[in-house]
Student: 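Can you keep this structure in mind? I'll have questions shortly.
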Amino acid sequence: MTEKYSNYAEIKSAITAARDEGYKAFNDRIANCDYATVGVRIPVLKRIAKCADLSCRDRILADFFADEEKTFETVLVAGLIASRKGDYGATREYLRRVIPLFGSWAHPDCIMPWLDWVDLDEFLADFAYLLDCDGQYEVRTYIIYMFDCLTDDKIDFVLETLGKVRYGAYYVDMGAAWLLAECLVKFYDKTLPIFTRGALPPFVHNKAIQKARESYRVPPDTKEYLNTLKRKSEKVNKR
């Protein structure tokens with residue numbers, strides 16, 4: 001794929017042309033998206049986003065925002081285009097409009113890694129408001145971004161922030177559990193007190209322990225101990 005897309009119509013045509021009916025059936029089961037889906041594999045969508053002409057980004061995204069027939073794929077590609085390396089000020093404003101349109105866990109999970117070029121502290125400050133949003137994908141977006149914060153100088157911030165999250169939405173809880181599992185793997189001593197205190201909702205608590213115990217990086221004796229910390233839990237509705 002070597003094309004350069006200078007307008008939104010070309011991007012939508014490229015998405016339609018890449019439709020894979022077999023993949024659509026698979027993706028519809030796992031993406032659990034609020035939008036209709038075309039059925040395009042994620043690597044293809046990433047290539048389409050990389051082929052967008054950034055000198056035309058304003059026009060492309062303006063047409064995307066005006067599109068009344070958004071799909072899982074167009075939202076994902078728009079988010080990727082908004083996140084491409086360039087002027088952070090523009091990227092910030094694009095994302096403030098794109099993120100509220102997220103309709104699947106896959107949107108933040110695929111888009112946030114493209115922001116590895118931005119200043120970490122600046123992004124965390126600019127988008128801290130996401131934690132207070134009602135939409136579960138907005139909250140999940142901030143949680144997924146914090147995977148870049150699993151460092152000695154940021155782990156305290158991560159653990160403190162996870163203590164402030166409003167839990168109860170499935171994809172918020174799952175994202176937090178995934179991040180907490182990584183915290184256990186990389187910063188066990190700092191993270192363990194959260195679990196010994198029972199500071200988290202039971203579902204998040206147990207899911208984080210499960211994911212940590214599935215990691216080959218956790219010693220067998222630690223896995224056995226973590227298993228003793230499991231609590232009674234209720235299922236969380238995905239909606």
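Computed from a prediction, not measured in an experiment: that's the story for all the values here.
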Student: With no hydrogens and no angle check, just 3.5 Å: does a side-chain donor-acceptor pair link Asn32 and Tyr171?
Tutor: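 Distance-only check passes for Asn32 and Tyr171.
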
Student: Which heavy atom of Ala82 sits nearest to which heavy atom of Val98, and what is that distance?
Tutor: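 Shortest heavy-atom separation between Ala82 and Val98 comes out as CB-CG2, 4.5 Å.
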
Student: So which atom in Leu180 and which in Leu159 form the shortest heavy-atom distance, rounded to 0.1 Å?
Tutor: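 Shortest heavy-atom separation between Leu180 and Leu159 comes out as CD2-CD2, 4.4 Å.
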
Student: How close do Ala212 and Leu226 get, counting heavy atoms only, and between which atoms?
Tutor: CB-CD1, 4.2 Å

Student: Considering non-hydrogen atoms only, spot the tightest contact between Cys110 and Leu80 and give its length.
Tutor: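 Nearest pair, atom of Cys110 first, then Leu80: O-CD2, 3.8 Å.
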
Student: Quick one: does any side-chain atom of Tyr35 pair with a main-chain N or O of Thr74 as donor and acceptor, under 3.5 Å?
Tutor: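 Not confirmed, Tyr35 side chain does not pair with Thr74 backbone.
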
Student: If you measure from the Lys or Arg side-chain nitrogens to the Asp or Glu carboxylate oxygens, is any gap between Lys164 and Glu160 under 4.0 Å?
Tutor: yes

Student: Please determine if Asp173 and Lys207 form a salt bridge, counting it only when a charged side-chain N lies under 4.0 Å from a carboxylate O.
Tutor: no

Student: Just to verify, what does Asp28 make a salt bridge (Lys or Arg N to Asp or Glu O under 4.0 Å) with, not counting sequence neighbours?
Tutor: Lys24

Student: Mind jotting down which residue pairs meet the ring pair (Phe, Tyr, Trp, His ring centres under 6.0 Å) criterion with at least one end in residues 145-164? Sequence neighbours excluded, please.
Tutor: Phe123-Tyr145, Phe147-Trp178

Student: Pairs in or reaching into residues 131-158: which pass salt bridge (Lys or Arg N to Asp or Glu O under 4.0 Å), with residues at least two apart or in two chains?
Tutor: Asp109-Arg140, Asp121-Lys154, Asp134-Arg166, Asp156-Lys190

Student: Could you tell me how the ring of Tyr8 sits relative to the ring of Phe64: parallel (under 30°), tilted (30 to 60°) or perpendicular (over 60°)?
Tutor: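 Tyr8 vs Phe64 ring planes: perpendicular.
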
Student: Suppose we call two aromatic rings close when their centres sit under 6.0 Å apart. Are His107 and Tyr137 close by that rule?
Tutor: no

Student: Return the orientation label for the Trp117 and Tyr88 ring planes: parallel under 30°, perpendicular over 60°, tilted otherwise.
Tutor: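 Perpendicular.
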
Student: Under 4.5 Å between any side-chain heavy atoms of Tyr129 and Tyr142, yes or no?
Tutor: no

Student: Hey, are Lys12 and Glu10 close enough for a salt bridge, meaning a charged N less than 4.0 Å from a carboxylate O?
Tutor: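 Glu10 and Lys12: not salt-bridged.
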
Student: Could Asp53 and Lys4 be called an ion pair, given the rule that one side-chain N must be under 4.0 Å from one carboxylate O?
Tutor: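 No, Asp53 and Lys4 are not salt-bridged.
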
Student: Between Tyr5 and Ile48, which heavy-atom pair has the shortest distance, and what is it?
Tutor: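 Closest heavy-atom pair between Tyr5 and Ile48: CD1-O, 3.8 Å.
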
Student: Using the rule given for side-chain contact (heavy atoms from CB on, under 4.5 Å), can you reason through Leu115 versus Leu95, listing the C-alpha separation, both sets of side-chain angles and the distance that settles it, and then say yes or no?
Tutor: CA-CA 11 Å; Leu115 293 165; Leu95 288 175; 3.9 Å; yes

Student: Can you see whether Phe127 has Arg92 sitting over its ring - NZ or CZ less than 6.0 Å from the centre and within 45° of the normal?
Tutor: no

